[in-house]
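Some notes on the structure that comes next.
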Amino acid sequence: MLSRLVFLAGSLKSSGPIGAGLVQASRSLQTSSQSLAPVPPLPEYGGKVRHGLIPEEFFQLLYPKTGVTGPYMLGTGLLVYLLSKEIYIINHETIAAITIGTIIVYGVKKFGPSVAAFADKLNEDKMAKAQEAKDVAMSSLTQAIENEKKEQWRVEGRAMLFDAKRNNVAMLLETNYRERLHMVTNEVKRRLDYQIALQHLNRRMQQEHMINWVEKNVIGSITPQQEKESIAKCIADLKVLAKTTQAKAAA
Amino acid sequence: MAGRRAALKAIDWLAFAERVPPNQRGMFNALKTRTDAISAKLASLPETPAAIDWSYYRSAVAKAGMVDEFEKKFKALQIPEPVDTQTSNINAQEAEANKSAVAYIEASKARVATYEQELEKFKNMIPFDQMTIDDLNEAFPETKLDKVKYPYWPHKPIANL
């Protein structure tokens with residue numbers, strides 16, 4: 001009976017614990033067809049329940065007619081009815097149910113959150129790994145695209161290499177040409193200078209030879225008689241000079 | 001003398017250096033040093049040689065007509081320009097390089113297209129926390145479990161867990 005009430009509540013708004021199942025069902029139905037893509041994500045939390053059992057919608061349903069205490073009165077009345085009319089009989093199973101129920105509720109309340117956190121953490125780790133792999137893949141792809149673009153840009157500069165080579169060739173040719181010009185000029189100059197030097201040498205040799213020849217002849221032409229005369233004249237001159245000097249010195 | 005002064009194209013060595021990939025830097029440096037040496041040699045030679053002072057020589061050299069003969073022959077002398085054998089080679093190289101460059105750019109563009117396609121796929125993926133296992137298998141086909149080859153759980157070799 002309780003489950004019937006739950007079903008009634010669940011049919012009104014499809015976000016109870018049954019609601020999640022409905023959404024799942026609709027998802028698996030929709031993957032075959034192509035309508036309604038993308039599928040809306042699963043809700044993160046199930047529908048709200050009170051006392052862990054009764055959905056909130058039940059209380060909302062009864063609120064306009066019976067106020068806040070309505071569902072509780074209904075519950076108490078039902079319970080008393082079942083017990084008094086012995087529709088529900090208290091026996092050993094009741095005690096077992098009560099104790100086991102208490103222990104279960106205590107256990108869940110105490111350890112529930114930590115177990116949930118642990119399970120969530122496992123899931124989180126898986127997702128983080130997947131996300132990281134995706135990020136790495138994306139960044140490496142962008143990097144690869146960058147590199148390719150850079151390489152393309154580099155290739156564009158290939159003309160410069162050939163310009164440099166052609167420049168080199170032109171410079172070498174120019175250098176060679178200039179060297180040839182200079183060589184020609186220098187050679188011509190050298191030959192002319194050689195002629196001039198030759199002339200100078202010739203002239204000098206002629207002069208020296210002439211001088212030597214003239215000297216030799218002059219010396220040879222001085223006869224001994226001329227020599228005696230010239231010596232006598234020199235002595236006479238010297239005597240006169242000596243006299244004048246003496247006179248000067250005395251005066 | 002018309003073809004002598006082939007215009008030297010100004011080369012921006014800085015821009016050139018930027019475009020050289022790192023694995024060819026040695027070759028670039030060698031080229032640069034060679035070019036610098038050649039241009040230094042060129043700069044050291046004056047463009048025209050010093051003019052010969054014919055009047056001085058005419059007055060100085062006694063032999064009649066020698067200077068005149070020299071002068072005449074000198075002025076009539078045409079120094080042949082050095083023959084350019086390499087430019088055609090360089091042009092051929094350039095044409096080849098252009099062809100291979102075009103091919104490389106084509107291949108590079110194809111690669112870029114594939115990369116961009118994959119990037120788009122990654123960008124348009126739904127976030128992982130909204131995926132089901134089916135969505136994951138669609139996005140990354142390598143995660144699909146081969147239930148035919150390994151029919152029993154965990155549907156992949158134990159070593160790959």
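The figures here come from the full heavy-atom set of this structure, side chains too, leaving out hydrogens, waters and symmetry mates. Order of the sequence lines sets the chain letters (A, B, ...), proteins ahead of strands, with each chain counted from 1.
- Here A/G157 is the residue among A/A137, A/G157, A/S140 with the most heavy-atom pairs under 4.5 Å with chain B.
- Comparing B/P21, B/A139, B/A101 by how many heavy-atom pairs each has under 4.5 Å with chain A, the most go to B/P21.
- Remark: A/Q199 CD is packed, more than 12 non-hydrogen atoms of other residues, nucleotides or ligands lying under 6.0 Å away.
- Heavy atoms of B/L136 lying under 4.5 Å from chain A are absent altogether.
- The pair B/E106-B/K109 fails the salt-bridge criterion, with no side-chain N (NZ, NE, NH1 or NH2) lying under 4.0 Å from an Asp/Glu carboxylate O.
- For the options B/I11, B/L31, B/V67, B/I79, heavy-atom pairs under 4.5 Å to chain A are most numerous at B/I79.
- For chain B, the nearby parts of A/E148 are the backbone and the side chain; heavy atoms of each come within less than 4.5 Å.
- There is no contact between B/F140 and chain A, counting heavy-atom distances below 4.5 Å.
- Both the backbone and the side chain of A/E156 have a heavy atom closer than 4.5 Å to some heavy atom of chain B.
- The parts of A/L161 that come within reach of chain B are both its backbone and its side chain, each placing non-hydrogen atoms under 4.5 angstrom from that chain.
- Between the side chain of A/E174 and the backbone N or O of B/L42 there is no donor-acceptor pair closer than 3.5 Å.
- Using a 4.5 Å cut-off between heavy atoms, B/P46 touches chain A through backbone and side chain atoms alike.
- Contact record, A/Q152 with B/I105: NE2-O, 4.0 Å, taken as the closest heavy-atom pair.
- Among A/N186, A/V155, A/N168, the residue with the largest count of heavy-atom pairs under 4.5 Å with chain B is A/N168.
- For the set B/D12, B/I52, B/T85, B/T87, the entry with the most heavy-atom pairs within less than 4.5 Å of chain A is B/I52.
- For B/F122, the parts lying near chain A are the backbone and the side chain together; criterion is any non-hydrogen pair under 4.5 Å.
- Although no hydrogens or angles enter the test, the distance criterion places no donor-acceptor pair under 3.5 Å between the side chain of A/H209 and the main chain of A/M205.
- A/R158 touches chain B through its side chain: at least one heavy atom from C-beta onward sits under 4.5 Å away, while N, CA, C and O do not.
- Because its NZ or CZ atom is not both nearer than 6.0 Å to the ring centre of B/F70 and within 45° of the ring axis, A/R191 does not count as a cation-pi partner of that residue.
- Options A/L173, A/N123, A/N147, A/V169 differ in how many heavy-atom pairs under 4.5 Å they form with chain B, and the most are formed by A/L173.
- To the nearest 0.5 Å, atoms CG (B/D129) and CD (A/E44) are separated by 8.5 Å.
- For a residue to count as touching a neighbouring chain, one of its non-hydrogen atoms must lie under 4.5 Å from one of that chain's; by this rule B/D53 does not touch chain A.
- Contact tally against chain A (heavy-atom pairs below 4.5 Å) for B/K41, B/R34, B/Q86, B/K73: the top residue is B/K41.
- Side chain of B/S108 to backbone of B/Y104: no donor-acceptor contact under 3.5 angstrom is found.
- Heavy atoms closer than 4.5 Å to chain B are found in both the backbone and the side chain of A/Q131.
- When heavy atoms are compared at a cutoff of 4.5 Å, B/A51 approaches chain A solely by way of its backbone atoms N, CA, C and O.
- The pair A/D125-A/K121 counts as a salt bridge, with a side-chain nitrogen and a carboxylate oxygen less than 4.0 angstrom apart.
- A donor-acceptor pair under 3.5 Å links the side-chain atoms of B/H155 to the main chain of B/Y150, judged by distance alone.
- A salt bridge does not link A/R190 with A/D193: every distance from a Lys NZ or Arg NE/NH1/NH2 to an Asp or Glu carboxylate oxygen is 4.0 Å or more.
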